[in-house]
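Structure first, then comments.
Along the sequence shown, residues carry numbers from 1.
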Amino acid sequence: MRAMTYRGPYKVRVENKPDPRIEHPNDAIVRVERAAICGSDLHLYHGLIPDTRVGHTFGHEFIGSVVDVGSSVQNLSVGDRVMVPFNIACGTCFFCARGLLSNCHNVNANATAVGGIYGYSHTAGGFDGGQAEMVRVPFADVGPRVIPEWLHDEDGLLLTDAFSTGYFGAQLGDIVEGDTVVVFGAGPVGLAAARSSWLMGAGRVIVVDQIDARLEAARSFALAETLDYREHRDIVVELKKQTDWLGADVVIDAVGAEADGHFLQHLTGAKLKLQAGSPVALNWAIDSVRKGGTVSVMGAYGPLFSAVKFGDAMNKGLTIHTNQAPVARQWPRLLEHIRAGHVSPRELITHRIPLEHIAEGYHMVSAKIDGLVKAAVLPPTT
């Protein structure tokens, strides 16, 4: 099969790899019909995630058709079209039994923190991802769901991570009716979090970024107010000014390890890798939320230390909620919202890139050019 492979920081290419095969009775093999490039894939692409090995295939967002199933699989059949959550979960361990599918203890040898994730280095289990023609899907009765006939394929694709994660980020904010919500980062997850905040009763939503196309998407898709932090000497002071000098009720960090906005922090975190990423957005979140407020962290950070202003968080009495999203838990309610016409996640997709051109796609996503917000990947079979 043809698959994207990692060759080192800023180097990916498409090459032939052996077709995946059934390795366990609970496995399924899925032929990919749509995949995507996620902002967190850039952390791998830029060399920020430990144990990203040459030859690894990225991609944790994909949908496709089942072409083979193991002897123990009961919920899927050959020919089923499925959406596959980025979490790989056993469904029975201590954490899965409590709904923490993203923290499964049985699918990742390094599971002191995160569970298994498709295409996200050996730190997350070493599973190849969906930027390929086919994927091996472990625990096929736990994660994948048959795509409803009424659901548009690209809405299903966005539910495998980006939109579900943004929705979960808004959930973790414990938003109550009338709250002011600030979202740092207008990538797909941040846009999803901002749009989802309205569904949870927010009275005001403000999105902070510096990319013109993404700020426009925040206004048109997320229906939010926007702030370009380049236009303000101190974005925290501006946010305080706009919230009666108290701060927002809820702040969502949807940026993570490669945040701009502070040269030294970006240099030591994103470039020199002396921290687990640049903590700029997280520190802004701590500073701009009101005392007693809630910070939701959806941005991905590495496993090393970060220079986070935790003393300020403690002294302000903040509640901080964070996790990798347990994607499948979000689907029942999100499917209701989509079917009712409240939201259409596929509106976030601005570019559709053939798998054979994925190196150019990664460059575009990394450089944030051509008005790109979200890139879908089209395998050769489509």
Side-chain angles (χ1 to χ4, degrees), residues 30 34-41 59-64 81-89 91 95-96 99-104 114-120 124 129-130 137 139 142-148 151-175 181 183 185-200 217 221-222 252-256 296-300 321-340 342-349 373-376:
V30 171
R34 284 287 189 280
I37 300 175
C38 180
S40 58
D41 287 331
H60 53 269
E61 299 174 287
F62 60 92
I63 63 171
R81 300 186 65 251
V82 295
M83 50 189 188
V84 182
F86 78 82
N87 323 111
I88 303 171
F95 300 100
C96 287
L100 297 172
L101 302 175
S102 52
N103 304 111
C104 177
V114 73
I117 300 175
Y118 293 99
Y120 215 73
V137 175
F139 296 101
V142 179
R145 298 289 189 278
V146 174
I147 299 172
L151 184 67
H152 192 284
D153 284 356
E154 290 184 342
D155 282 333
L157 174 63
L158 270 292
L159 290 186
T160 64
D161 177 16
F163 204 89
S164 297
T165 294
Y167 186 81
F168 181 62
Q171 272 188 341
L172 291 188
D174 291 334
I175 297 166
V181 179
V183 180
V189 171
L191 294 170
R195 182 66 178 264
S196 298
S197 296
W198 295 117
L199 299 175
M200 297 177 193
F221 175 80
I252 301 171
D253 169 9
V255 183
S296 167
V297 185
M298 289 293 97
H321 287 160
T322 184
N323 201 355
Q324 295 281 354
V327 166
R329 277 176 47 193
Q330 318 312 313
W331 284 349
R333 184 59 61 84
L334 278 173
L335 288 171
E336 290 179 8
H337 285 312
I338 294 170
R339 193 163 197 178
H342 297 155
V343 68
S344 179
R346 69 180 183 272
E347 293 175 13
L348 291 170
I349 298 175
V373 175
K374 182 68 175 179

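- When all heavy atoms are compared, the tightest approach of Gly185 to Ala254 is O-CB, 4.3 Å.
- Distance check: Cys104 SG to Ile117 CD1 gives 11.5 Å after rounding to the nearest 0.5 Å.
- Using a 4.5 Å cut-off on side-chain heavy atoms (C-beta onward), Tyr167 and Arg333 make contact.
- Of the charged side-chain nitrogens involved, at least one lies within less than 4.0 Å of a carboxylate oxygen, so that Arg346 and Asp155 count as a salt-bridged pair.
- Across Cys96 and Gly91, no two heavy atoms sit closer than the pair SG-N, 3.3 Å.
- Looking at Pro188 and Phe163, their side chains never come closer than 4.5 Å, going by heavy atoms from C-beta outward.
- In terms of heavy atoms, Cys38 sits closest to Asp161 at SG-OD2, 3.6 Å.
- For the atom pair CD (Gln171) and CE (Met200), the distance works out to 4.5 Å, reported to the nearest 0.5 Å.
- The main-chain N or O of Leu159 is found under 3.5 Å from a side-chain atom of Ser164 such that the two form a donor-acceptor pair.
- The distance from the OG atom of Ser296 to the CD1 atom of Ile252 is 5.0 Å, given to the nearest 0.5 Å.
- Screening Glu61, His60, Arg145 for a side chain to side chain contact (heavy atoms under 4.5 Å, CB included) involving Thr160 leaves a single residue, Glu61.
- In this structure, Asp153 and Ile63 have side chains that are in contact, with non-hydrogen atoms separated by less than 4.5 Å.
- You'll find the side chain of Val137 reaches within 4.5 Å of the side chain of Pro144, heavy atoms only.
- By the 4.5 Å heavy-atom criterion applied to side chains, Pro345 and Leu157 are not counted as neighbours.
- For the ring-ring contact (aromatic ring centres under 6.0 Å, His included) test, residues two or more places apart in sequence or in another chain that qualify with Phe62 are Tyr118.
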| Does the pair Leu199 and His337 meet the rule for a side chain to side chain contact (heavy atoms under 4.5 Å, CB included), with working shown? | CA-CA 9 Å; Leu199 299 175; His337 285 312; 3.8 Å; yes
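- The CG atom of Leu158 lies 10.0 Å from the CD atom of Glu347; values are rounded to the nearest 0.5 Å.
- Geometrically, Arg195 engages Phe221 in a cation-pi contact defined by less than 6.0 Å to the ring centre and at most 45° from the axis.
- Taking 4.5 Å as the limit, some side-chain heavy atom of Met83 sits within range of a side-chain heavy atom of Trp331.
- Nearest heavy-atom pair, Ala325 versus Thr165, reported as atom, atom and distance to 0.1 Å: CB-OG1, 3.6 Å.
- Smallest separation of non-hydrogen atoms from Asp41 and Gly59: OD1-N, 4.2 Å.
- Here the closest non-hydrogen pair linking His321 and Asp174 is CE1-OD2, 2.9 Å.
- Between the side chain of Thr322 and the backbone N or O of Val297, at least one donor-acceptor pair lies under 3.5 Å.
- Using modelled atom types, one side-chain atom of Lys374 and one backbone atom of Ile37 make a donor-acceptor pair closer than 3.5 Å.
- Side-chain contact between Val327 and Leu101 is absent, with no heavy atoms from C-beta onward closer than 4.5 Å.
- Remark: the backbone N or O of Asn87 is not paired with any side-chain donor or acceptor of Ser102 at under 3.5 angstrom.
- We find the NE2-CD1 distance between His342 and Ile338 to be 11.5 Å, quoted to the nearest 0.5 Å.
- Residues Val30 and Val82 form a side-chain contact, since some pair of their non-hydrogen atoms from C-beta on lies under 4.5 Å apart.
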